[in-house]
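Have a look at the structure below before the remarks.
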Number of protein chains: 2
Amino acid sequence: MENYNSNFYIPHNQIDFPSIDDPFYKYQNNGYMMDYSSLHQQNFHKKYIPNQVTPYWPKEPIIRKSSVCQTPIVTLDDYPGEFNFQFSLPVNECFRTNLMYSKKLLKVYIKMGHVLPMRFSWSSFHGDFWLRTTMVFREDHDRSIPVQRCYAHMASDLPYNQNINASQLQHVFRTGNVRSYYHCNNGILSTLTPLNNPVVGLKDVPIDFLFYCKNSCPTGINRRPTMMVFTLESQTGQVLGRRSLQVQICSCPKRDKERDENDLQNPKAKRSQEKKSVSNPPPVPPPEEDTESSIEEDQNVYSLKLDVLGEENYKAVLKYAYDIMAGYAVRTGNFEILKKCSEELHLCF
Amino acid sequence: MENYNSNFYIPHNQIDFPSIDDPFYKYQNNGYMMDYSSLHQQNFHKKYIPNQVTPYWPKEPIIRKSSVCQTPIVTLDDYPGEFNFQFSLPVNECFRTNLMYSKKLLKVYIKMGHVLPMRFSWSSFHGDFWLRTTMVFREDHDRSIPVQRCYAHMASDLPYNQNINASQLQHVFRTGNVRSYYHCNNGILSTLTPLNNPVVGLKDVPIDFLFYCKNSCPTGINRRPTMMVFTLESQTGQVLGRRSLQVQICSCPKRDKERDENDLQNPKAKRSQEKKSVSNPPPVPPPEEDTESSIEEDQNVYSLKLDVLGEENYKAVLKYAYDIMAGYAVRTGNFEILKKCSEELHLCF
DNA sequence: TTACAAGTTT
DNA sequence: AAACTTGTAA
Ligand SMILES: [Zn+2]
Ligand SMILES: [Zn+2]
């Protein structure tokens, strides 16, 4: 429990997923089969997979006497607490077709079957800490209703419902950490994951979340907005910190994010009209550039902290930072520095 | 088994439906609750309910040695057979918000939870006949796949899944006849209903169908087109006649029917443009009419058979026929003739 | 009845 | 990515 390697991820080859090349794949997609494509992309979250491969159910679990939380969720308010509990999401994961993050709305849009690679940090390097993750309905009047999977996604003949522990079946999300507990308190479901201190050189602990139902599902979440609430707990279940994040599991993260952001700016405006003029701006020729480079390669690493106005600009800066380092890596053959720097690019909440 | 009264319908008060006035009704509508409103309208299919009320599961069922059909469905072709097997739908039920019939497409659009009041006729007045009803996928490549309810609609805690026989749970439709068998042959589901000869004065036998899933349901029909196949069977399960009807269980029968008919006429045309100009025709002032009536009331009944060009015209003629008789009924107080004549208005397939 | 939401198809 | 479908809400 002292080293990074106990934060294990599910090895792909141990999940009973049909091959994407299976000719029945399309045919079996009867509306509630999962899109496994992300889980078949060899490099999808490669950097999170430690070298060591462990069985899905570990023989020596990290034990807590009780998985009960001392104070069930009554508020969503952020509470860093005495350990300055924080979470983040690697920026290079934030603007993909399968996972979009809206900085304006502080909201994650993610497709079912895909990975939300969260990072968590707290200021103590000693003691046993746990992460509890609970999905709740965002609206006050739904807050006490348990968030559970729909009937269709709980069907036991679905491939991703086989070879799982019975306690996982109703959970909308599962973690990538095989040592997580799947807890149920009066129908309110949560996961409880041991938080080991970050490995040397990293300042936070990665924990993946995978989603097995959608926000739109009838008999389940049924189109209601949801949040994931992360609490830092002590070994005895005392709440030491709390952070929450709005999450929507949907089929078109990009579209839905753009729609929501547009609604925020233009309430009650005719959406279809607005979008058209936004998505089809008049073409502007790119400015001429001098791409000649005569600068010596500099081996030093400079820490940079800056605020950028506007998400597009923000993303552009990030992309540029990544690309310029990629150019460096290609020229020098030093891909290590690229890997390290790009992992440092986190989106903090 | 010799009289009309053995074609019983489910008495409303014996179905375990929540009251429409229940304050939880709206709240419980989590996407897969049924719209019970039709079943609460006192007069909805009043005329089909015989005076005698029978328990939902009859104590003395009409027995067939085996519910197996000698020749399972391999074709959808119409086959009147030696008994001239026919079916029809009362026209006054054909153009409602809950049930639309497209004469162009020979297709029924019906909301879940609502009644399709079919009528069946055959030319023999002696012997024991049975109606088998099977729902199949319209497309050849899906024909052999069983049509069953989705997981969400099979949930046992839904009110309309309680107090039913286990054999009914997977069936997309149920009949209004309590003596129907619910058969399963390798997953292919069908109902088998005793066909008693029509009562004196009627020329066909009414059988209601109620729907408990939708064509759009994931893990169920999943947006595939379906047909209901009706076969006339002998006491030994020999097929004596066959008729089929395209049925789509959906939330907006009128809209979907109009869309389909529009698609038929304007294949690949921009639908949204077309519909707008169709649904908002330029206003035309109605022609002046002389509504003075100086004709003596005629007590004779005249049989009429005619073909009308165009569905709107066809409906207009039917409505006019109904209304003119209604006027007669109001003037004379003879509502019997109205009832009898309007029931004669059937839409034959 | 219209507009919207959100999954699926092209 | 755009268009279409189809359930739901206003
Ligand atoms: Zn679901
Ligand atoms: Zn269904």
Side-chain angles (χ1 to χ4, degrees), chain A residues 25-35 37 95-98 100 109-113 139 150 152-153 211 213-226 248-263 266-276 278-281, chain B residues 25-35 37 96-98 100 109-114 150 152-153 211 213-225 248-260 262-263 266-276 278-280:
Chain A
Y25 174 75
K26 195 66 183 173
Y27 179 72
Q28 288 173 344
N29 184 354
N30 64 349
Y32 272 153
M33 293 293 282
M34 184 175 277
D35 173 12
S37 54
F95 307 101
R96 299 172 173 268
T97 52
N98 298 325
M100 292 293 286
Y109 301 77
I110 189 167
K111 286 188 187 176
M112 192 175 126
E139 305 304 326
C150 70
H153 282 128
F211 297 88
C213 200
K214 296 178 194 166
N215 274 62
S216 60
C217 283
T219 74
I221 300 174
N222 198 33
R223 302 184 310 285
R224 287 170 288 189
T226 50
Q248 174 171 318
I249 314 150
C250 57
S251 298
C252 305
K254 186 165 185 287
R255 177 189 64 180
D256 294 352
K257 174 202 168 193
E258 287 171 352
R259 172 171 45 71
D260 287 353
E261 291 189 342
N262 207 44
D263 280 357
N266 303 46
K268 302 195 178 186
K270 278 294 167 200
R271 196 172 295 134
S272 51
Q273 313 294 343
E274 297 296 329
K275 275 185 73 176
K276 192 154 193 176
V278 167
S279 61
N280 293 330
Chain B
Y25 173 76
K26 197 67 183 172
Y27 179 72
Q28 288 173 344
N29 184 354
N30 64 349
Y32 273 155
M33 293 293 283
M34 184 174 277
D35 172 12
S37 54
R96 298 172 173 270
T97 53
N98 298 325
M100 292 292 288
Y109 301 77
I110 189 167
K111 285 188 187 176
M112 191 176 126
H114 290 260
C150 70
H153 282 128
F211 298 88
C213 200
K214 296 178 194 166
N215 274 62
S216 61
C217 284
T219 74
I221 300 175
N222 197 34
R223 301 183 311 284
R224 288 170 287 189
Q248 174 171 318
I249 314 150
C250 57
S251 297
C252 306
K254 186 166 185 288
R255 176 188 66 181
D256 294 351
K257 174 201 168 195
E258 287 171 353
R259 172 173 43 72
D260 287 352
N262 207 44
D263 280 358
N266 304 44
K268 303 196 177 185
K270 278 294 169 199
R271 196 172 293 134
S272 53
Q273 315 293 345
E274 298 295 330
K275 274 187 76 175
K276 192 154 191 176
V278 167
S279 61
N280 294 331

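Each chain gets a letter, A, B and so on, in the order its sequence line appears, and its residues count up from 1.
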Does the side chain of A:S216 get closer than 4.0 angstrom to OP1 or OP2 of C:dA6 through an N or O atom?
-> no
Check whether any side-chain nitrogen or oxygen of A:K214 sits under 4.0 Å from OP1 or OP2 of C:dG7, and answer yes or no.
-> no
Here the gap from B:C250 atom SG to B:K111 atom NZ, rounded to the nearest 0.5 Å, amounts to 9.0 Å
How far does CD1 of A:I221 sit from CD of A:Q248, to the nearest 0.5 angstrom?
-> 9.5 Å
Spacing between [X] atom [atom1] and [N] atom [atom2], to the nearest angstrom:
X: B:R259; N: C:dT2; atom1: CZ; atom2: P; result: 16 Å
X: A:K254; N: C:dA6; atom1: NZ; atom2: C1'; result: 16 Å
X: A:K257; N: D:dA1; atom1: NZ; atom2: P; result: 12 Å
X: A:M112; N: C:dA6; atom1: CE; atom2: P; result: 16 Å
X: A:D263; N: C:dA3; atom1: CG; atom2: P; result: 16 Å
X: A:K111; N: C:dG7; atom1: NZ; atom2: C1'; result: 11 Å
X: A:I110; N: C:dG7; atom1: CD1; atom2: P; result: 14 Å

With a 4.0 Å cut-off on heavy atoms, is B:C252 in touch with a base, just the backbone sugar-phosphate, or nothing at all?
-> base
Ignoring the backbone of B:R255, work out which of D:dG7, D:dA1, C:dG7 is nearest its side chain.
-> D:dG7
Establish whether the base of D:dG7 is bridged to the side chain of A:R223 by a donor-acceptor pair shorter than 3.5 Å.
-> no
Using the side-chain contact (heavy atoms from CB on, under 4.5 Å) rule, take B:M112 and B:H153 through it: C-alpha gap first, then chi angles, then the decisive distance, then the call.
-> CA-CA 11 Å; B:M112 191 176 126; B:H153 282 128; 3.4 Å; yes
Out of B:N98, B:D260, B:N215, B:D256, which one pairs with B:Y109 under the side-chain hydrogen bond (donor to acceptor under 3.5 Å, both in side chains) rule?
-> B:D260
